[in-house]
Amino acid sequence: MSASENNREIRYNPQAIEAKWQGLWDREKTFRATEDPHREKFYCLVMFPYPSGRIHMGHVRNYAIGDVIARHQRMLGKNVLNPMGWDAFGMPAENAARKQNSHPGTWTYANIAHMRQELKSMGLAYDWERELATCDSDYARWEQVLFLKLFTKGLIYRKNSLVNWDPVDATVLANEQVIDGRGWRSGALVERRELSQWFMRITAYADELLDGLDHLPDWPATVRTMQNHWIGRSHGLEFSFALEGLAETLPVYTTRPDTLMGVTFCSIAAEHPLARKVAGNNPDAALFIRECQKSGTSEEAMERLEKKGFDTGFKAIHPLTGEKIPVYIANFVLMSYGTGAVMAVPAHDQRDFEFARAHQLPIRVVIQPPGQPLEGATLREAWTGPGIMVNSLSFDDLDNETCKVRIIETFTKRGLGSQRTHYRLRDWGISRQRYWGNPIPMIHCPQCGIVPVPEADLPVQLPEQVDLNVQGNPLDHLATFTDVSCPQCHAPARRETDTMDTFMESSWYFLRYCCRDFQDGPLDGVRVNHWMPVDQYIGGIEHAVLHLLYARFFHKALRDEGLVTTDEPFRRLLTQGMVRKDTLSCPNHGWRYPKEVIDKGDGWVCGACHQPIVVGRNEKMSKSKNNVVDPAELIQGYGADTARMFMLFAAPPQQDLEWNDAGVDGAWRFLNRLWRMVQEVLPWLDGVVAATATPDAAELRVLRTKTHETIDKVGRDLERFQFNTAIAAVMELVNAGTRWLAENPLQDAGQPALAVLRELVESAIILLHPLVPHITEELWQSLGHARQLCHQPWPKTDPQALVRGEITIVIQVNGKLRTKINVPTDISQADLESAARNNTTVQSQLQGKTVVKVIVVPGRLVNIVAK
RNA sequence: GCGAAAGUGGCGGAAUUGGUAGACGCCCUGGACUUAGGAUCCAGUGCCUUCGGGUGUGGGGGUUCGAGUCCCCCCUUUCGCACCA
């Protein structure tokens with residue numbers, strides 16, 4: 001013992017300790033997962049990162065949380081799969097390559113190599129043998145195979161849809177590349193343009209995706225609600241207006257058939273066929289439509305537009321009254337929802353109300369709320385609530401909900417229309433006009449039409465030699481890529497140049513992790529079905545709708561292909577909040593780094609121009625705002641354990657986390673306190689076995705109770721992901737131990753005391769291990785354990801130790817706290833009440849009053865109500 | 001615009017089921033100690049106070065013996081909105 005004691009570091013040295021244990025985990029492949037039918041499996045998944053170059057605090061938070069869960073489940077005896085990989089296709093690589101005149105792949109793989117080292121320095125318990133990058137030709141190949149399967153199934157098709165078009169760069173822009181309606185590079189005003197694109201038929205699964213939310217009780221309610229609204233299932237009436245003097249009709253869909261008699265005009269989208277027809281012989285209409293198209297494609301941009309309309313001159317004929325009503329082209333009507341045309345009811349729809357006022361159109365009230373008669377001429381805003389029908393022919397005096405049903409019945413009976421279900425959800429556009437993505441394995445043949453690339457020819461590889469500094473999709477300019485012969489008729493044909501949305505890759509990466517080395521197909525059913533579903537998925541709340549909905553859909557589509565057996569891919573979901581930090585800005589120099597400002601005591605000034613610095617709100621850490629903290633620096637300075645500790649302690653995972661340098665110091669100091677306490681007791685614990693029963697001495701009893709209360713609390717807190725309170729509980733335990741040590745000299749401590757002490761110290765170490773794995777392994781080893789702590793089972797509470805002899809009861813008079821009393825745990829309600837009544841403080845409060853009522857909550861409080 | 005959340009001391013947060021508001025940590029104040037360390041240890045720390053107590057969880061109202069927690073209205077902030085990932 002003495003030799004190793006001499007060699008042991010007395011001071012906490014995270015750099016040395018962390019390198020030691022990380023090396024060991026790597027060499028021994030401690031966290032390699034193997035399928036084992038005899039053990040309960042646990043699939044822990046964190047959202048894989050985009051390899052942008054360096055890990056950021058959001059990653060650190062995400063992966064620290066995932067690692068705690070994985071390590072905790074491991075200690076609970078589960079066979080844990082905890083993989084990691086790279087979401088490696090995407091625009092940033094293309095942009096970086098263009099800037100540096102290199103290849104996106106070179107940039108991407110260099111980033112992966114760097115970030116892998118950064119992740120390893122965090123001490124994460126991954127099975128690195130399952131690592132994959134979605135741009136690996138292997139992964140891309142199997143994704144193309146899946147694409148063709150789904151295409152054959154009819155789940156992938158082509159149709160026209162709108163894109164953001166930069167007329168100067170002649171390229172499609174992502175919504176994030178549209179800044180204030182202009183292209184980010186050219187500065188040109190962005191236009192909406194129609195393009196033929198590939199789509200996935202997610203709407204075929206809309207009902208199942210919606211109804212399936214009810215079977216995901218362990219998903220945050222907020223995510224389920226958001227997906228529910230996103231899918232937006234509604235039931236309503238679909239019917240067609242006849243158009244005066246025209247053969248064609250105008251189909252509309254409404255969820256408010258009850259307001260039918262209040263229709264005073266119709267509005268159609270700028271892309272509506274009827275709008276095009278008008279534009280054909282009316283230059284003003286064409287101009288208006290072009291104006292409408294001078295906006296981006298994002299729903300937000302469309303909705304925020306100033307509401308504008310153009311009278312087509314056409315008259316629609318009301319199906320029940322025969323009344324002729326004008327048809328407007330409106331810039332706020334979406335072609336992608338319903339039929340692209342709406343019946344407008346200004347009295348009962350706010351948007352229609354505003355439009356009607358702007359265009360002097362009649363407003364006809366057909367629903368009267370009880371007790372406050374409305375009139376179209378004096379209406380201040382649309383009435384969207386319930387009421388009684390008026391001005392509605394035979395439907396008058398019905399309540400509007402009944403009227404809805406009646407009108408649908410009437411339309412159905414007369415063959416005018418029918419009840420229809422609509423969804424806000426649109427089919428998933430998967431085409432991207434970009435180079436750095438997975439090629440869509442299709443060929444356009446002038447004779448045969450669209451022909452899939454034969455599976456034997458997969459994968460379609462991205463050409464290495466590429467000029468990214470061209471207009472539009474670089475692949476369009478590469479004849480070596482595009483010029484092929486048709487697989488069916490062998491005539492000259494053209495290869496599809498669209499690449500896939502990167503959400504495709506993230507829709508099945510968790511399946512490929514299960515069988516990373518499988519070479520006979522995309523998925524090895526046996527292994528995939530062994531590990532699936534993911535038991536715990538952890539990632540940013542920003543993925544609440546898109547990624548999580550697409551992955552659910554893709555999984556169901558693969559299920560129907562017989563490739564997986566579970567209905568849902570992710571059993572439990574934890575969405576973590578953002579990492580934020582104060583922003584510092586200077587009137588002359590914009591966003592400043594903390595090191596670029598000077599502390600004047602009463603505030604900061606800019607280091608360059610000495611103007612006062614404006615301290616902004618906490619904002620999401622972002623490079624553009626210079627408020628990022630580099631995790632690598634933090635880990636180098638304090639070690640991974642401190643970094644993890646701070647991230648987990650500063651806020652519960654679901655909440656946003658505010659970065660605070662002083663808080664990091666606090667985490668660092670606690671780990672040092674723990675380290676010192678163990679160093680202090682170490683020489684005395686040699687040969688001492690941890691207590692298994694509670695000794696008689698009162699102060700030891702209290703100490704052991706504290707130990708087991710902590711075991712109990714930490715276990716429950718980890719189950720509900722309250723890492724911050726779990727840490728607080730261990731802090732309390734360590735504080736209790738330290739206090740005991742200060743009051744009780746170790747040389748006087750007997751065996752029972754040392755046994756309780758060892759149990760306390762070891763419990764603190766075990767409980768903290770999933771959170772701070774390196775320091776706890778080191779301390780565990782120094783306590784004389786040969787077996788690694790990560791193989792140690794999670795501790796169990798001793799029910800005997802949890803029993804307290806006395807409890808504190810709160811005494812209230814009229815609901816206000818007056819005093820507290822200590823009573824035996826097993827006191828009867830009657831004794832408790834009289835103890836409370838006889839208390840001197842209570843007596844003085846009750847003077848001159850009559851007790852009306854006494855409420856006794858056993859184990860908690862007594863409330864005496866007096867007048 | 002639509003959708004989803006969140007507001008508690010000087011700060012981050014705790015209060016698990018309607019039952020002690022402020023656990024734990026940071027900051028700050030005072031003290032001790034020194035092998036000067038990224039020190040450490042001890043005490044104090046919501047606000048007001050005539051030291052009895054009063055008051056307090058964004059604001060206003062309500063339910064209840066009792067409300068941070070439940071209900072209604074309002075204010076503020078953040079996130080998502082289909083080609084960022």
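Just so it is clear: chains get the letters A, B, ... in the order the sequence lines come, proteins before strands, and each one is counted from 1. Computed over heavy atoms, backbone and side chain alike; hydrogens, waters and symmetry mates excluded.
Between the side chain of H59(A) and the backbone N or O of H56(A), at least one donor-acceptor pair lies under 3.5 Å. In terms of modelled atom types and a separation under 3.5 Å, the side chain of Q15(A) and the main chain of Q636(A) share a donor-acceptor contact.
Annotation: of the two residues near RNA chain B, T297(A) and R720(A), the 5′-most nearest-nucleotide partner is R720(A). Between M226(A) and A729(A), it is M226(A) whose nearest contact on RNA chain B lies nearer the 5' terminus.
Out of A85(B), U16(B), G54(B), the shortest distance to the side chain of D717(A) is found at U16(B). Considering only side-chain atoms of E732(A), the nucleotide from G12(B), C65(B), C24(B) that sits closest is C24(B). Closest contact between the side chain of N863(A) and the listed nucleotides C24(B), G38(B), C65(B) involves C65(B). Residue A662(A) has its side chain nearest to C26(B) when only G12(B), C83(B), C26(B) are considered. Of the candidate nucleotides G13(B), A4(B), A82(B), A82(B) has the atom lying nearest to any side-chain atom of L546(A).
OP1 or OP2 of A14(B) lies within a sub-4.0 Å distance of a side-chain N or O belonging to Q655(A). Between K816(A) and U55(B), a side-chain N or O to OP1/OP2 separation shorter than 4.0 Å is present. Dashed line: the shortest gap from a side-chain N or O of R426(A) to OP1 or OP2 of C81(B) is not under 4.0 Å. In this model, the phosphate group of C26(B) is approached by a side-chain N or O of R669(A) to a distance below 4.0 Å at OP1 or OP2. The side chain of K820(A) places no N or O atom within less than 4.0 Å of a non-bridging phosphate oxygen (OP1 or OP2) of U20(B). The side chain of R676(A) contributes an N or O atom lying less than 4.0 Å from OP1 or OP2 of C41(B). OP1 or OP2 of A85(B) sits under 4.0 Å from a side-chain N or O of T502(A). Side-chain nitrogen and oxygen atoms of N735(A) include none within less than 4.0 Å of the OP1 or OP2 phosphate oxygen of C24(B).
Counting only Watson-Crick and G-U wobble pairs whose two distances sit under 3.5 Å, RNA chain B takes part in these stems of three or more pairs: B:1-7 with B:75-81, B:10-12 with B:24-26, B:28-32 with B:40-44, B:46-48 with B:53-55, B:58-62 with B:70-74.
Taking atom CD1 on I231(A) and atom C1' on C2(B), their separation rounds to 17 Å, with Å as the unit. Atom CZ of R673(A) and atom P of G25(B) are 6 Å apart (whole Å). Note: CG (N228(A)) to P (C2(B)) measures 18 Å, nearest angstrom. Across the protein-nucleic acid pair, R716(A) atom CZ and A15(B) atom P stand 11 Å apart, rounded to whole Å.
Not a single donor-acceptor pair, N or O on each side, falls under 3.5 Å between the base of C81(B) and the side chain of E303(A).
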Using nucleotides 43-51 of chain B, report all nitrogen or oxygen pairs with the protein that are shorter than 3.5 Å.
none

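Taking D87(A) as the reference, nothing meets the salt bridge (charged side-chain N to carboxylate O under 4.0 Å, His left out) condition, with sequence neighbours excluded.
Figure legend: cation-pi geometry between R424(A) and W230(A), with NZ or CZ positioned under 6.0 Å from the six-membered ring centre and within 45° of its axis.
Residues M57(A) and W659(A) have side chains in contact (heavy-atom distance under 4.5 Å, counting atoms from C-beta outward).
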